[in-house]
Amino acid sequence: MDTLAPMMLGIDEHRSRSVRFFQDPETKAWKRFEPWMSTIVDLDTGQVLGVVDGKDSTGVGDWLKARPLQWRLGVQVVAIDPSAAFRKALRMWLPRTAVSVDAFHLSMLGNAMVPEVRQRLTQEAKGRRGARRGPGLGEPAAAAQGSRAALGPGTEPVGGRLRRR
């Protein structure tokens, strides 16, 4: 693996199995264990270069530290989740490498931001959180007064004409 010269890496975490609980033999206290793994992939070939325990900076950092300096200098771009742990390992062991957030997480963050911005702008513009019902408050006058007003003066709903026939 150290003989490969990847220019682009991808790092992502995944849960290898369900959460487990173990009892400490000394204290008899139950401890939660979440079996997370981090996978490092060559993005040019799709080849898995390494799988490390955990989703923290230690596992990924130790894996990067074990690579030769020339190997690390050859990496130009790393795609990661918006993870502070991965970012910390990259700052330490690949400081000159460009970091990119993967498209899935970027669109997820953007979609989560839309309602926050909309709510903030509504609060700033109208001095309240959401729409009240009624004319001028988020609902057209016709909808507030019922369907007869929506048809305009001198008209009647279609249902009324059909009943008379």
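Index from 1, following the sequence. Fair warning: this is a prediction, and the values are worked out from it, not measured in the lab.
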Exercise. So if you build clusters from Ile, Leu, Val, Met, Phe, Trp, Tyr with side-chain heavy-atom gaps below 4.5 Å, do Trp71 and Met92 land together?
Worked result: yes
Exercise. Which distance, rounded to the nearest 0.5 Å, do you find between the CZ of Arg87 and the CG of Leu94?
Worked result: 10.0 Å
For this session: Find out whether Leu43 and Leu9 are in side-chain contact, i.e. whether some heavy atom of one side chain is under 4.5 Å from a heavy atom of the other.
Result: no
Problem set entry | Backbone of Asp44 reached by a side-chain donor or acceptor of Asp42 within 3.5 Å | yes
Exercise. In terms of hydrophobic clustering (I, L, V, M, F, W, Y; side-chain heavy atoms under 4.5 Å; direct or indirect links), are Ile40 and Val99 co-clustered?
Worked result: yes
For this session: Report yes if the side chains of His14 and Thr39 come closer than 4.5 Å at any heavy-atom pair, otherwise no.
Result: yes
Exercise. Do other residues, nucleotides or ligands put more than 12 heavy atoms under 6.0 Å from the CE atom of Met108?
Worked result: yes
For this session: Evaluate the side-chain proximity of Met37 to Val52: yes if any heavy-atom separation is below 4.5 Å, no if none is.
Result: no
Exercise. Is any side-chain heavy atom of Ile80 closer than 4.5 Å to a side-chain heavy atom of His105?
Worked result: no
Exercise. Cation over ring, Lys65 on Trp93, under 6.0 Å and within 45°?
Worked result: no
Exercise. If we only count heavy atoms from C-beta on, is the Glu116 to Met113 side-chain gap below 4.5 Å?
Worked result: yes
Exercise. Does a sphere of radius 6.0 Å around CG in Asp53 hold more than 12 heavy atoms from other residues, nucleotides or ligands, not counting ones at 6.0 Å or beyond?
Worked result: no
Problem set entry | Spatial distance of atom NZ (Lys31) from atom CZ (Phe22) [nearest 0.5 Å] | 12.5 Å
For this session: Please answer whether the main-chain N or O of Pro35 pairs with a side-chain N or O of Arg15 as donor and acceptor at a distance below 3.5 Å.
Result: no
For this session: Over all heavy atoms of both residues, which pair between Ser38 and Lys55 is shortest? Give the atoms and the distance, please.
Result: OG-CA, 3.5 Å
Problem set entry | Trp63 vs Leu49, side-chain contact (heavy atoms from CB on, under 4.5 Å): CA-CA, chis, key distance, verdict | CA-CA 10 Å; Trp63 188 88; Leu49 300 175; 3.9 Å; yes
For this session: May I ask you to decide if Val75's main-chain N or O and Thr97's side chain share a donor-acceptor pair within less than 3.5 Å?
Result: yes
Seminar exercise, completed: Value for CG (Leu69) from CG (Leu73), rounded to nearest 0.5 Å, stands at 4.5 Å
Exercise. Within a radius of less than 6.0 Å around CZ of Arg96, do more than 12 heavy atoms belonging to other residues, nucleotides or ligands occur?
Worked result: no
Exercise. Where the side chain of Ser57 meets the backbone of Ala89, is there a donor-acceptor pair that is under 3.5 Å apart?
Worked result: no
For this session: Could you state whether Val19 and Trp30 fall into the same hydrophobic cluster, counting links through intermediate Ile, Leu, Val, Met, Phe, Trp or Tyr residues with side-chain heavy atoms under 4.5 angstrom apart?
Result: yes
Exercise. Considering only heavy atoms from C-beta outward, does the side chain of Phe86 approach that of Glu13 to under 4.5 Å?
Worked result: yes
Exercise. Do Lys28 and Gln23 come close enough that some side-chain heavy atom pair is under 4.5 Å?
Worked result: yes
